[in-house]
Amino acid sequence: MAFFQGFGNFGFGGGPDFGGPANNVFAQSYKCLPVSLLDRKDHLENGGKIILPPSALDRMSRLSLKYPLLFELTNPKYQQRKTHCGVLEFVSEEGMMYLPFWMMQNLGLQPGELVSLRTIDLPLGNFVKFQPQSKAFLEISNPRAVLEKVLRGFSALTMGDTICINYNNRDYYLTVLEVKPLQLSKAISIVETDVIVDFAPPVDQMFEPQATTDGGKAEATAAKPIPKGIVFEGEDSDSDGESSSAGFKAFAGGGYTISGKKPSLGTSPASFGGRTSTPSPKPTAGASAKSPAKDDSDEEDTQQKKFVPFSGSGYSLKK
């Protein structure tokens with residue numbers, strides 16, 4: 001009883017913290033513990049009901065309360081953290097209250113911390129919208145039937161809460177996005193009423209990155225390999241070290257002048273207005289594919305032998 005004396009400010013029948021008529025509100029604070037600590041009570045994690053001490057039932061029976069009993073739980077450290085629930089049994093130790101662990105997470109409570117409790121009247125709900133945290137919940141055989149069965153263990157739903165559902169030894173989390181009718185408490189009672197259930201797209205599906213087609217674009221715009229045998233200007237051979245003579249060269253063939261004579265070695269297409277030059281000698285077997293480098297003197301001789309228009313000797317008609 002010393003525990004209750006220490007929290008007499010919360011009283012029975014309201015007070016400055018909770019308010020309300022003296023005969024219609026039960027308010028008290030308890031230390032919270034998860035229901036998993038109770039023997040043979042693990043199944044209570046898959047629901048939304050709490051366990052209170054026998055003294056709470058004795059004192060509430062003396063008040064004019066509406067049934068079924070519904071409660072509002074508040075974290076004294078964070079008054080904005082609230083949730084709503086029903087009661088399953090009155091078998092806990094005095095000063096202790098057991099509740100599902102997901103409910104403690106919504107309230108931001110740690111085991112052994114204080115939680116404020118008071119009775120409340122909630123409207124009967126007719127609509128609730130859930131958002132699964134994972135698309136895996138929608139992939140089970142019949143998610144609506146599973147949810148309907150699990151909600152039998154709930155007495156109330158609060159907008160913004162994330163409830164936990166265990167199915168086939170796997171936990172699924174669903175957030176309550178919307179409830180109707182919507183009142184100041186943002187909660188509804190689902191006891192002995194027909195409720196329409198709707199689902200929003202799962203959270204992980206909404207934020208799933210879309211598949212990009214960059215890889216396909218890269219393949220489409222990738223440079224095609226250069227066929228072997230084609231040599232561009234300024235290149236002697238391809239990457240395999242093959243001879244440049246094996247590939248195509250523009251204006252590389254031999255030719256003859258109009259008089260039937262072979263052109264001189266100094267002529268070239270660039271200097272003779274399109275006339276062809278003598279063909280380059282073919283490499284012999286075992287010889288290097290690249291032509292030997294020329295000395296500076298050879299280059300000077302070659303330039304002197306270049307064709308100069310009207311530079312040849314001639315004869316006049318007179319003897």
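- For the residue pair Asn166 and Asp171, a side-chain donor N or O sits within less than 3.5 Å of a side-chain acceptor on the partner.
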| side-chain contact (heavy atoms from CB on, under 4.5 Å) between Met159 and Leu177, worked out | CA-CA 6 Å; Met159 190 170 68; Leu177 288 185; over 6 Å; no

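- A 4.5 Å side-chain heavy-atom check between Met97 and Leu33 finds every atom pair outside the cut-off.
- Contact annotation: the side chain of Ile50 approaches that of Leu52 to within less than 4.5 Å [non-hydrogen atoms, C-beta and beyond].
- With contacts defined as side-chain heavy-atom distances shorter than 4.5 Å, the pair Leu174/Ile165 qualifies.
- Using a 3.5 Å distance cut-off with no hydrogens or angles, the side chains of Asn24 and Ser64 do not pair a donor with an acceptor.
- Within the 4.5 Å cutoff, side-chain heavy atoms of Leu122 are placed close to those of His84.
- Note: Gln110 CD to Asn75 CG = 10.0 Å, rounded to the nearest 0.5 Å.
- Here the CG atom belonging to Asn106 is positioned 11.0 Å from the CG atom belonging to Leu73, to the nearest 0.5 angstrom.
- Atom CZ of Arg152 is separated from atom CG of Asn46 by 12.5 Å, given to the nearest 0.5 angstrom.
- Under a cut-off of 6.0 angstrom, the local environment of CG in Asp194 is sparse, with at most 12 non-hydrogen atoms contributed by other residues, nucleotides or ligands.
- Under the 4.5 Å side-chain heavy-atom criterion for ILVMFWY residues, a single connected hydrophobic cluster contains both Ile140 and Leu151.
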| Where do Lys77 and Glu113 land on the salt bridge (Lys or Arg N to Asp or Glu O under 4.0 Å) test, with the steps shown first? | CA-CA 10 Å; Lys77 296 181 180 179; Glu113 292 186 342; 3.6 Å; yes

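- Here the CZ-OG1 distance, from Phe26 to Thr119, works out to 8.0 Å after rounding to the nearest 0.5 Å.
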| query | Do Phe127 and Lys129 pass the side-chain contact (heavy atoms from CB on, under 4.5 Å) test, and can you show the C-alpha distance, the side-chain angles, and the key distance before you say yes or no? | reply | CA-CA 7 Å; Phe127 176 82; Lys129 188 174 186 178; 4.0 Å; yes

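- Tyr173 and Gln131 form no side-chain donor-acceptor contact under 3.5 Å, judged by distance and modelled atom types alone.
- Linking ILVMFWY residues whenever their side-chain heavy atoms come closer than 4.5 Å, directly or via other members, places Tyr98 and Leu44 in the same cluster.
- Counting only heavy atoms from C-beta outward, the side chains of Leu70 and Ser189 approach each other to under 4.5 Å.
- Partners of Val197 according to the side-chain contact (heavy atoms from CB on, under 4.5 Å) rule, which considers only residues two or more places apart in sequence or in another chain, are Val128, Phe130, Arg144, Leu147, Phe199.
- In terms of heavy atoms, Pro54 sits closest to Glu94 at CD-OE2, 3.6 Å.
- When all heavy atoms of Val25 and Leu65 are compared, the closest pair comes out as N-CD2, 4.1 Å.
- For the residue pair Pro53 and Tyr30, the shortest heavy atom distance occurs at CG-CE2, 3.6 Å.
- At distances below 3.5 Å, at least one donor-acceptor pair connects side-chain atoms of Ser134 with backbone N or O atoms of Ala136.
- Closest heavy-atom contact between Glu89 and Val91: OE1-CG2, 3.4 Å.
- In the displayed structure, Phe90 atom CZ is contacted under 6.0 Å by more than 12 heavy atoms of other residues, nucleotides or ligands.
- Under the 4.5 Å side-chain heavy-atom criterion for ILVMFWY residues, no single connected hydrophobic cluster contains both Val115 and Tyr78.
- Considering only heavy atoms from C-beta on, Val87 stays 4.5 Å or farther from Ile51 through its side chain.
- Contact of the Leu99 side chain with the Cys85 side chain is not registered, since no non-hydrogen atoms from C-beta on lie closer than 4.5 Å.
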| Step-by-step side-chain contact (heavy atoms from CB on, under 4.5 Å) determination, Thr193 to Asn126 | CA-CA 7 Å; Thr193 183; Asn126 53 40; 5.8 Å; no

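- Of all the heavy atoms in Glu45 and Phe101, the pair that sits closest is OE1-N, 2.9 Å.
- Atoms CD1 and CG, from Ile190 and Leu124 in turn, are 10.5 Å apart once rounded to the nearest 0.5 Å.
- Put simply, Ile163 and Val191 are part of two different groups of oily side chains (I, L, V, M, F, W, Y) that touch within less than 4.5 Å, one to the next.
- A side chain to side chain donor-acceptor pair (under 3.5 Å) with Gln133 is found for exactly one of Thr162, Thr175, Asp204, namely Thr175.
- Aromatic pair Tyr172/Trp102: centroids not less than 6.0 angstrom apart.
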| From CA spacing to verdict: side-chain contact (heavy atoms from CB on, under 4.5 Å), Thr158, Lys82 | CA-CA 8 Å; Thr158 305; Lys82 297 182 179 181; over 6 Å; no

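- Both Met103 and Val150 are members of a single hydrophobic cluster when ILVMFWY side chains are connected at heavy-atom separations under 4.5 Å.
- Of all heavy-atom pairs spanning Ser155 and Lys49, the tightest one is OG-CE, 3.2 Å.
- Atom CD of Gln80 sits in a crowded spot, with more than 12 heavy atoms from other residues, nucleotides or ligands closer than 6.0 Å.
- For the atom pair Ser92 OG and Leu88 CG, the distance stands at 11.5 Å (nearest 0.5 Å).
- For the pair Pro132 and Val203, the minimum side-chain heavy-atom distance is 4.5 Å or more.
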